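The model shown is predicted, which means the values in this text are computed figures rather than measured ones.
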Amino acid sequence: MPELPEVETTLRGIAPYLQGQRIARVTVRDPRLRWPVPEDVRKAEGQRVVQLRRRGKYLLVELEQGGLIIHLGMSGSLRVLHQSRTPEKHDHFDIELENGTCLRFNDPRRFGAFLWVDGPVDAHELLRHLGPEPLSDDFTARYLHRLSHGRKLAIKNFIMNGQVVVGVGNIYASEALFMAGIHPQRAAGRISAQRYAGLVDAIRDVLNRAIKMGGTSLRDFVNADGAPGYFTQELLVYNRAGGDCFQCGGRIRQKVIGQRSSYYCPVCQR
DNA sequence: ATTGACTCCTGATGGC
DNA sequence: TGCCATCAGGAGTCAA
């Protein structure tokens with residue numbers, strides 16, 4: 001999926017067209033997503049978009065009364081259409097504005113979500129237990145170090161857990177751990193405060209740079225204009241199994257950790 | 001409480 | 001060309 005940088009890229013791409021505009025119609029063409037799309041989403045019709053925000057990998061559409069939550073899942077994308085286009089396969093829903101602009105959601109794997117929230121959009125249960133935003137001041141080495149105390153799970157799984165920190169998915173977890181020189185399988189509780197400081201810096205740095213490049217497109221991520229992200233060419237280890245480590249010249253390895261492919265340099269990462 | 005396995009689904013890819 | 005296995009960026013849920 002879209003990880004934090006891809007969701008942020010999507011947000012920045014669609015926000016200018018949505019903020020302050022009035023929603024004319026919500027059309028659900030195929031409600032089969034991660035959870036069936038509720039009829040309630042049509043409560044958005046006639047309402048003005050007060051604000052568009054991101055929380056972790058969730059896009060939040062705050063309306064005058066209630067709001068919408070959109071998650072891109074693994075293969076979802078949102079496109080802004082300036083003129084009408086024939087819906088294609090996997091185009092699950094449209095949010096049409098009074099000014100004629102249309103936001104169209106496509107998701108082949110159907111792991112995405114489109115939900116209605118009564119009341120404040122942040123109050124939804126899905127968002128209740130999320131950890132801090134990695135680009136906020138709440139995300140510190142001290143916080144990570146304390147939270148990891150005594151925990152034996154692999155550091156990669158630890159930082160990919162949304163209750164620990166949001167937005168770090170499989171690609172950027174591998175990248176940040178390489179940058180910080182930490183082996184992805186190291187027990188989270190066996191990493192010093194100092195090394196956590198390096199990891200926090202690495203996570204912030206890789207996410208910020210990826211946002212600047214419009215995200216990573218391995219196969220299907222496209223932004224609101226339908227263009228891919230360019231961070232793919234900046235990846236240091238992800239998807240580079242067998243390639244040379246840019247730091248030591250050794251061989252990049254691929255290993256399944258917690259059911260997900262992980263990439264790392266066994267020499268540089270301990 | 002913490003952890004790991006399983007699950008949802010379609011599509012791309014590679015081997016034979 | 002077809003068939004089959006494998007893999008894919010997420011994350012909720014369940015069982016141990």
Visitor: By a strict heavy-atom criterion of less than 4.0 Å, which residues belonging to residues 105-124 of chain A are in contact with DNA chain B?
Guide: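 Per residue number, the list reads A:Pro108, A:Arg109, A:Arg110, A:Phe111.
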Visitor: With distance as the sole criterion, is a donor-acceptor pair present between the side chains of A:Asn106 and A:Ser77 under 3.5 Å?
Guide: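 No - no donor-acceptor pair under 3.5 Å links their side chains.
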Visitor: Mind jotting down which residue pairs meet the side-chain hydrogen bond (donor to acceptor under 3.5 Å, both in side chains) criterion with at least one end in residues 176-186 of chain A? Sequence neighbours excluded, please.
Guide: A:Gln185-A:Lys255
Visitor: Which atom pairs, one a donor and one an acceptor, fall under 3.5 Å between side chains of residues 262-270 of chain A and the rest of the protein, sequence neighbours left out?
Guide:
unit_1	atom_1	unit_2	atom_2	d
A:Ser262	OG	A:Lys156	NZ	2.8
A:Ser262	OG	A:Arg260	O	3.4
A:Tyr263	OH	A:Gln254	NE2	3.1
A:Gln269	OE1	A:Cys265	N	2.8
A:Gln269	NE2	A:Leu177	O	3.3
A:Gln269	NE2	A:Ile182	O	2.8
A:Arg270	NE	A:Pro266	O	3.2
A:Arg270	NE	A:Val267	O	3.3
A:Arg270	NH2	A:Pro266	O	3.4

Visitor: Across the strands shown, which category fits A:Leu218 at heavy-atom distances under 4.0 angstrom: base, sugar-phosphate, nothing?
Guide: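 The residue A:Leu218 makes base contact.
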Visitor: I'd like to know if the side chain of A:Tyr238 pairs up with that of A:Thr232 as donor and acceptor (distance under 3.5 Å, no hydrogens or angles considered).
Guide: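 There is no such pair (donor and acceptor under 3.5 Å, judged by atom type) between the side chains of A:Tyr238 and A:Thr232.
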Visitor: Between N or O atoms, less than 3.5 Å apart, protein on one side and nucleotides 12-15 of chain C on the other: list the pairs.
Guide:
unit_1	atom_1	unit_2	atom_2	d
C:dG12	OP1	A:Tyr58	OH	2.8
C:dG12	O4'	A:Arg34	NH2	2.9

Visitor: Taking the minimum atom-to-atom distance to the side chain of A:His90, which one of B:dG11, B:dT3, B:dA5 wins?
Guide: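 Per side-chain heavy atoms of A:His90, the pick is B:dG11.
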Visitor: For the pair made of CD1 in A:Ile257 and P in B:dG4, what is the distance, rounded to whole Å?
Guide: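 Going from CD1 in A:Ile257 over to P in B:dG4 covers 11 Å.
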Visitor: When you measure from every atom of DNA chain B, which of residues 203-214 of chain A have a heavy atom less than 4.0 Å away?
Guide: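 Correct list: empty, so none.
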Visitor: Mind calculating the distance between NZ (A:Lys89) and C1' (B:dG11) to the nearest angstrom?
Guide: 9 Å
Visitor: Does a side-chain N or O from A:Gln254 land closer than 4.0 Å to OP1 or OP2 of C:dA8, or not?
Guide: yes
Visitor: To the nearest Å, give me how far apart CG (A:Asp30) and C1' (B:dC9) are.
Guide: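 In whole Å, B:dC9 C1' and A:Asp30 CG are 11 Å from each other.
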Visitor: If I take atom CG in residue A:Leu33 and atom C1' in nucleotide B:dT10, what distance separates them, rounded to the nearest angstrom?
Guide: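 My rounded result for the distance is 13 Å.
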Visitor: Does the side chain of A:Thr27 pick up a donor-acceptor pair with the side chain of A:Glu96 at under 3.5 Å?
Guide: yes
Visitor: Does the pair A:Arg29/A:Asp91 count as a salt bridge with the N-to-O cut at 4.0 Å?
Guide: no
Visitor: What residues, two or more places apart in sequence or in another chain, satisfy side-chain hydrogen bond (donor to acceptor under 3.5 Å, both in side chains) together with A:Ser148?
Guide: A:Tyr196
Visitor: Could you please name the option among C:dA8, B:dA5, B:dG4 that lies closest to any side-chain atom of A:Tyr238?
Guide: C:dA8
Visitor: Dot-bracket for DNA chain C, please. Rules: Watson-Crick or G-U, both distances under 3.5 Å, ( ) within the strand, [ ] when a pair crosses earlier ones, | for another strand, . otherwise.
Guide: .|||||||.|||||||
Visitor: Just how far is it from atom CG of A:Asn170 to atom OG of A:Ser261, taken to the nearest 0.5 Å?
Guide: 7.0 Å
Visitor: Distance-only criterion, 3.5 Å: show the donor-acceptor pairs between side-chain atoms of residues 130-140 of chain A and protein atoms not counting sequence neighbours.
Guide:
unit_1	atom_1	unit_2	atom_2	d
A:Glu133	OE1	A:Arg54	NH1	2.9
A:Glu133	OE1	A:Arg54	NH2	3.2
A:Glu133	OE2	A:Arg55	NH1	3.0
A:Glu133	OE2	A:Gly56	N	2.7
A:Ser136	OG	A:Glu133	O	2.8
A:Ser136	OG	A:Asp138	N	3.2
A:Thr140	OG1	A:Tyr143	N	3.0

Visitor: Any idea which of B:dC6, C:dG10, C:dA8 is nearest the A:Ser261 side chain?
Guide: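 The closest nucleotide is C:dA8.
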Visitor: Cut-off 3.5 Å, no hydrogens considered: what does the side-chain donor-acceptor table look like for residues 108-121 of chain A, sequence neighbours left out?
Guide:
unit_1	atom_1	unit_2	atom_2	d
A:Arg110	NE	A:Arg32	O	3.1
A:Trp116	NE1	A:Asp118	OD1	3.1

Visitor: Taking the P atom in each of C:dC3 and B:dC9, what is the distance between them to the nearest angstrom?
Guide: 23 Å
Visitor: Taking side-chain hydrogen bond (donor to acceptor under 3.5 Å, both in side chains) as the cut-off, I'd like each qualifying pair that reaches into residues 202-215 of chain A, sequence neighbours left out, listed once.
Guide: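 Every pair satisfying side-chain hydrogen bond (donor to acceptor under 3.5 Å, both in side chains) with a residue in residues 202-215 of chain A: A:Asp205-A:Arg209.
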Visitor: Have a look at A:Glu175 and say if it touches a base, only the backbone sugar-phosphate, or nothing, with a 4.0 Å heavy-atom cut-off.
Guide: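 Nothing, no nucleic acid heavy atom in range.
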Visitor: Check salt bridge (Lys or Arg N to Asp or Glu O under 4.0 Å) between A:Arg22 and all other residues, then give those that pass, not counting sequence neighbours.
Guide: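 With neighbours one apart ignored, the set is A:Glu64.
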Visitor: Base, sugar-phosphate, or nothing: which does A:Gly258 touch, judged by heavy atoms less than 4.0 Å apart?
Guide: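 A:Gly258: no heavy atom of the nucleic acid under 4.0 Å.
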Visitor: Please state the P separation for the pair B:dA1 and C:dA11 - nearest whole angstrom.
Guide: 24 Å
Visitor: Among all residues two or more places apart in sequence or in another chain, which pass the salt bridge (Lys or Arg N to Asp or Glu O under 4.0 Å) test with A:Arg146?
Guide: none
Visitor: Quick one: do the A:Gln21 and A:Asn99 side chains pair a donor with an acceptor below 3.5 Å?
Guide: yes
Visitor: Answer yes or no for A:Arg53 and A:Tyr58: cation-pi contact, defined as NZ/CZ to six-membered ring centre under 6.0 Å and angle to ring axis within 45°.
Guide: no
Visitor: Side-chain N or O of A:His71 less than 4.0 angstrom from OP1 or OP2 on C:dG10?
Guide: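 For C:dG10, neither OP1 nor OP2 has a side-chain N or O of A:His71 closer than 4.0 Å.
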Visitor: How would you label the contact of A:Arg151 with the nucleic acid (heavy atoms, under 4.0 Å): base, sugar-phosphate, or nothing?
Guide: sugar-phosphate
Visitor: Rounding to an integer number of Å, can you tell me how far A:Asn157 CG sits from B:dA1 P?
Guide: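 Rounded to the whole Å, the gap is 21 Å.
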Visitor: For a quick test of reading the model: is some side-chain N or O of A:Lys152 closer than 4.0 Å to OP1 or OP2 of B:dT3?
Guide: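 For A:Lys152, the contact criterion (side-chain N or O under 4.0 Å from OP1 or OP2 of B:dT3) is not met.
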